[in-house]
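Let me begin by presenting the structure, written as structure tokens, before commenting on it.
Labels below follow one simple rule: chain letters A, B, ... track the order of the sequence lines, proteins then strands, and each chain is numbered from 1.
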2 protein chains.
Amino acid sequence: MAKSLQLKTAELEKISHLDYFNIALSVDLVIFGYEDKELKVLLIKSDLEEFSGMYSLLGDLVRPDEDLDSAPYRVLLSRTGMDDVFLEQVHTFGSIGRHPSGRVITTAYYALIDIRHHQLQVDSNELHWHAINDIKKLAFDHKLILNTCLEQLRSQIMEKPVAFNLMQDKFSLRELQEVYEAILDIKLDRRNFRKKIAVKDWLQDLNEMESNLSHRPGKLYGLKKQFKRKSSKVLAI
Amino acid sequence: MAKSLQLKTAELEKISHLDYFNIALSVDLVIFGYEDKELKVLLIKSDLEEFSGMYSLLGDLVRPDEDLDSAPYRVLLSRTGMDDVFLEQVHTFGSIGRHPSGRVITTAYYALIDIRHHQLQVDSNELHWHAINDIKKLAFDHKLILNTCLEQLRSQIMEKPVAFNLMQDKFSLRELQEVYEAILDIKLDRRNFRKKIAVKDWLQDLNEMESNLSHRPGKLYGLKKQFKRKSSKVLAI
DNA sequence: ATTTTAATGTGTCATAAGTACATATTTATT
DNA sequence: AATAAATATGTACTTATGACACATTAAAAT
């Protein structure tokens, strides 16, 4: 296989016969969703005998004819049917022993999904949403990858308008606060939370109210246009 | 080459004959140093004909028998003789066309070097320090990699005690401020800078003074032990 | 119609952090 | 003894953070 590479430099030639291409490169996805006031992650039953019965992240080898950053979009689309999703690269994991089947280095991404808009086109009944606090161990080093991505998500939500990718287009401030509380896993003070969000100037007052509630409805807001991607998802600024 | 892999899963077997291993993985290093009140980067003349005359970052392919995070240490030691260096992984770059010789995905690291302590064991006279503001273009996508690493460095120096890796063990507050100014490329107010640093509680007053100056000497400080690595470099917390 | 329920919407005070800015002090040099 | 060139330090203003309580609204129940 390595012979089919079009290598030109002395360095690459010299190295190729030393089995340098025995390293495979994959992407792994921490797919976050939000439902029932909980942050969830989409997991699949591992198909490796070493990890039978355990769950793992969705992932795949990177193809030679796609950009690294395109691979996670392809995986998402092909494995879940979800398109137009917010994705961010987090870290690359490459310990020697991390994959039992061989040398695989993996670049981890996190995705943010509005579960209510992106229905799972389940290609297997082994795909399930798991509440983040219920995930105790995962196959491979995927728990480490999950923790790393969760930390990155937590550190970004007050800096950039990314949490909105977990929500529908219209939401009340209560709903927004609940999303933040689910991500951070702490209770927030309502007045202080609203003050902080107001300062960011991310929100558009839609002049609409919640409905079908058995109590006083809240105002509805949307993310300002300048922070949205096509089809209403948020830019990775 | 790919045949020599010990692949066990159906998925990997299926994929291996599709030339999936035609992707090579490398590491590239943005090696920062500080001298003459300037932030510098260690560059080497590119050995590719496509980029003849241009400079590039130090890098190498990752070997199958080393952890990904070990590769940059090996590169640093073998190419410059420098040991015990602060390194941090930043981002992985994997566009299809980024390397003219074939498909190479690269994980970028930045290193922080105290130039005065780590004399270059130059293995080639093509290795040179370049002031960061003088670097206009680089081979491959290395200017993008440099910019990404510089941004990460800038965003970390007020959060974590990493800038000290660019300095000698004993320093005055003026010298420290000059390092921060070089990294951020802005002038800082002396009083406010000292207040901010004091709050961090990173510094140990050494009860020594500068000497051999033609003006009033400043007090000397060192980084507190708890933030140091062996041989006086800073932990990546 | 009135009351109850369950939520929304809002302000103040105290503390901490950020920013702009000027003067007295110390050492070596002349 | 005077000069040069730097160090060391404080205050006033503004902005951000965190703790905390009460009046209001809409729907549902009576």
Side-chain angles (χ1 to χ4, degrees), chain A residues 34 36-38 154-161 163-164 167-223, chain B residues 36-37 154-161 163-164 167-223:
Chain A
Y34 170 78
D36 300 330
K37 306 191 182 181
E38 281 186 315
R154 283 178 175 163
S155 71
Q156 291 194 331
I157 57 174
M158 295 314 289
E159 312 297 323
K160 299 193 261 175
F164 303 90
M167 311 181 68
Q168 291 178 294
D169 280 358
K170 300 176 180 185
F171 49 83
S172 66
L173 291 176
R174 172 184 42 77
E175 290 173 309
L176 183 62
Q177 181 175 340
E178 285 167 354
V179 168
Y180 273 78
E181 290 176 336
I183 294 172
L184 299 173
D185 200 24
I186 52 173
K187 279 299 280 177
L188 298 172
D189 178 85
R190 183 155 40 108
R191 288 158 290 186
N192 293 337
F193 175 75
R194 285 166 185 233
K195 246 189 296 181
K196 270 195 192 168
I197 292 295
V199 169
K200 309 285 182 203
D201 205 31
W202 292 334
L203 297 188
Q204 183 79 54
D205 184 339
L206 298 178
N207 293 311
E208 291 180 67
M209 304 294 275
E210 291 181 290
S211 52
N212 300 321
L213 297 173
S214 63
H215 55 77
R216 175 177 177 181
K219 283 174 125 177
L220 289 177
Y221 294 83
L223 184 61
Chain B
D36 299 331
K37 306 193 181 178
R154 284 179 174 164
S155 72
Q156 291 194 333
I157 56 173
M158 294 314 290
E159 312 298 323
K160 299 193 260 174
F164 303 90
M167 311 181 67
Q168 292 179 295
D169 281 357
K170 299 177 181 183
F171 49 84
S172 67
L173 290 176
R174 170 184 43 78
E175 290 173 310
L176 182 62
Q177 181 175 341
E178 285 167 354
V179 167
Y180 273 77
E181 290 177 335
I183 294 173
L184 299 173
D185 200 23
I186 53 173
K187 279 299 282 178
L188 298 172
D189 178 86
R190 183 153 40 108
R191 287 157 291 187
N192 293 338
F193 176 75
R194 285 166 186 233
K195 244 191 295 182
K196 269 195 192 168
I197 292 295
V199 167
K200 308 285 182 202
D201 206 31
W202 291 336
L203 298 188
Q204 183 79 54
D205 184 340
L206 298 178
N207 293 311
E208 291 180 67
M209 305 294 274
E210 290 180 291
S211 52
N212 300 321
L213 298 173
S214 64
H215 55 77
R216 176 176 176 181
K219 281 175 127 178
L220 289 176
Y221 295 83
L223 184 61

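- With sequence neighbours left out, the side-chain hydrogen bond (donor to acceptor under 3.5 Å, both in side chains) criterion links A/R174 to A/E210.
- Contacts between residues 194-213 of chain A and DNA chain C, defined by a heavy-atom separation under 4.0 Å, are made by A/R194, A/K195.
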Pull out every protein N or O sitting under 3.5 Å from an N or O of nucleotides 22-24 of chain D, one pair per line with the distance.
| from | atom 1 | to | atom 2 | distance (Å) |
| --- | --- | --- | --- | --- |
| D/dT24 | O2 | A/R216 | NH1 | 2.7 |

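- Comparing the local axis fitted to the first five base pairs of the helix from C/dA1-D/dT30 to C/dT30-D/dA1 with the one fitted to its last five gives a bend of 10°, rounded to 10°.
- Within the 3.5 Å criterion, the main-chain N or O of B/A163 finds no donor-acceptor partner in the side chain of B/Y180.
- Where A/E175 and A/S214 meet DNA chain C, the nucleotide closest to each residue was compared, and A/S214 sits on the side nearer the 5' end.
- Listed by chain and residue number, A/D114, A/R116, A/H117 satisfy the side-chain contact (heavy atoms from CB on, under 4.5 Å) test with A/Q168 (two or more places apart in sequence, or in another chain).
- Contact annotation: the side chain of A/L176 approaches that of A/F164 to within less than 4.5 Å [non-hydrogen atoms, C-beta and beyond].
- A nucleotide of DNA chain C counts as in contact with chain A when one of its atoms lies under 4.0 Å from a heavy atom; the first and last such, 5' to 3', are C/dA6 to C/dT12.
- Checking D/dG18, D/dA6, D/dA26 against every side-chain atom of A/N192, the shortest atom distance belongs to D/dG18.
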Contacts table for residues 195-202 of chain B: side-chain donor-acceptor under 3.5 angstrom, sequence neighbours left out:
| from | atom 1 | to | atom 2 | distance (Å) |
| --- | --- | --- | --- | --- |
| B/K200 | NZ | B/M158 | O | 2.9 |
| B/D201 | OD1 | B/K224 | NZ | 3.1 |
| B/D201 | OD2 | B/K224 | NZ | 3.3 |

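- A/R191 meets the side-chain contact (heavy atoms from CB on, under 4.5 Å) test with A/D189; sequence neighbours excluded.
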Quiz: residues 211-222 of chain B side-chain donor-acceptor pairs under 3.5 angstrom, not counting sequence neighbours:
| from | atom 1 | to | atom 2 | distance (Å) |
| --- | --- | --- | --- | --- |
| B/K219 | NZ | B/D205 | OD2 | 3.0 |

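- Scanning for salt bridge (Lys or Arg N to Asp or Glu O under 4.0 Å) contacts around A/E175 gives an empty result, with sequence neighbours left out.
- B/Q156 meets the side-chain hydrogen bond (donor to acceptor under 3.5 Å, both in side chains) test with B/E88, B/Y110; sequence neighbours excluded.
- Nearest approach of A/K37 to A/Y34, heavy atoms of both residues: CA-OH, 3.3 Å.
- Under the side-chain hydrogen bond (donor to acceptor under 3.5 Å, both in side chains) criterion, A/Q204 pairs with no residue at all, not counting sequence neighbours.
- Residues A/L173 and A/R190 have side chains not in contact (no heavy-atom distance under 4.5 Å, counting atoms from C-beta outward).
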